[in-house]
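Quick notes on the structure that follows.
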Amino acid sequence: QVQLVESGGGWVQAGGSLRLSCAASGGTFSSYVMGWFRQAPGKEREFVAAISWSGLRTYYSDSVKARFTISRDNAKNTVYLQMNSLKPEDTAVYYCAARSGSGYQIRVENVDTWGQGTQVTVSS
């Protein structure tokens, strides 16, 4: 089973950018669909972005489309989330997630492994 560790969170002003990284170990990284989710205080965990094992297919929630970019480097066992034009409503704990199998979509219900999360705070 793969283990996941996120990094790159922090504080940024609205309009700024952050890049999250998620390093995987202990499994065959290239066989997993990878995703990012987020959870704001008092809210349910929600999907942000996903990427197929090959990196050729990506999928985004409507709220981040055109602002966030997910990518992966299978040689480094790492998935990234580049976040641009950040808004205060993007403030949340961001979680990396892995799902075994094919395709490019991932849901909370079918995640095999979660990272520990990294805080992103966007001030207005």
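Index from 1, following the sequence.
- No side-chain heavy atom of Arg38 sits under 4.5 Å from any side-chain heavy atom of Ser61.
- Side chains of Gln119 and Thr91 form a contact here, defined as non-hydrogen atoms less than 4.5 Å apart.
- Across all their heavy atoms, Ile51 and Ser71 have their closest contact at CD1-CA, 3.6 Å.
- Minimum interatomic distance between Leu4 and Ala24 (heavy atoms only, all atoms of both residues): CD2-CB, 3.7 Å.
- Side-chain contact between Arg45 and Trp114 is present, with heavy atoms from C-beta onward closer than 4.5 Å.
- Here the OH atom belonging to Tyr80 is positioned 11.5 Å from the SG atom belonging to Cys96, to the nearest 0.5 angstrom.
- Linking Ile, Leu, Val, Met, Phe, Trp and Tyr residues whenever their side-chain heavy atoms come within less than 4.5 Å places Val64 and Leu81 in a single cluster.
- Looking only at side-chain heavy atoms (C-beta outward), Arg72 and Asn74 come within less than 4.5 Å of each other.
- Under a cut-off of 6.0 angstrom, the local environment of OH in Tyr59 is sparse, with at most 12 non-hydrogen atoms contributed by other residues, nucleotides or ligands.
- Clustering ILVMFWY residues whenever any of their side-chain heavy atoms sit less than 4.5 angstrom apart, transitively, puts Val48 in the very cluster that holds Val79.
- Both Leu18 and Tyr94 are assigned to one and the same hydrophobic cluster, defined by single-linkage of ILVMFWY side chains at heavy-atom distances under 4.5 Å.
- What you find for Ala50 and Tyr104 is that their closest heavy atoms are CB-O, 3.2 Å.
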_Go through it in stages, so that I can follow the logic: the residues are Arg67 and Asp90, the test is side-chain contact (heavy atoms from CB on, under 4.5 Å), and I'd like the CA-CA distance, side-chain angles, deciding distance and then a yes or no._
CA-CA 11 Å; Arg67 299 188 299 122; Asp90 295 318; 2.8 Å; yes
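- A heavy-atom distance below 4.5 Å is not found between the side chains of Arg99 and Val111.
- Taken to the nearest 0.5 Å, the OG atom of Ser30 stands 7.5 Å off from the CH2 atom of Trp53.
- For the atom pair Ser124 OG and Lys87 NZ, the distance stands at 14.0 Å (nearest 0.5 Å).
- The shortest non-hydrogen separation linking Gly9 to Leu20 is N-CD2, 3.6 Å.
- For Asp62 and Lys65, the salt-bridge test passes: some basic side-chain N is under 4.0 Å from an acidic carboxylate O.
- Atom CD of Gln1 is surrounded by more than 12 heavy atoms from other residues, nucleotides or ligands within 6.0 Å.
- Atom OG1 of residue Thr58 and atom CE of residue Met34 lie 14.5 Å apart, to the nearest 0.5 angstrom.
- Going from atom CD1 of Ile106 over to atom OG of Ser52 covers 12.0 Å, rounded to the nearest 0.5 Å.
- Transitive grouping of hydrophobic side chains (ILVMFWY, heavy atoms separated by less than 4.5 Å) keeps Leu86 and Phe37 in distinct clusters.
- Residue Glu6 comes nearest to Thr118 through the heavy atom pair CB-CG2, 4.0 Å, listed as atom of the first residue, atom of the second, then distance.
- Closest approach of Tyr95 and Gln116 over heavy atoms only: CE2-O, 3.6 Å.
- Between Val12 and Met83, the closest side-chain pair of non-hydrogen atoms is not below 4.5 Å.
- Side chains of Lys76 and Phe29 form no contact here, defined as non-hydrogen atoms less than 4.5 Å apart.
- Between Ser85 atom OG and Phe68 atom CZ the span is 9.0 Å, to the nearest 0.5 Å.
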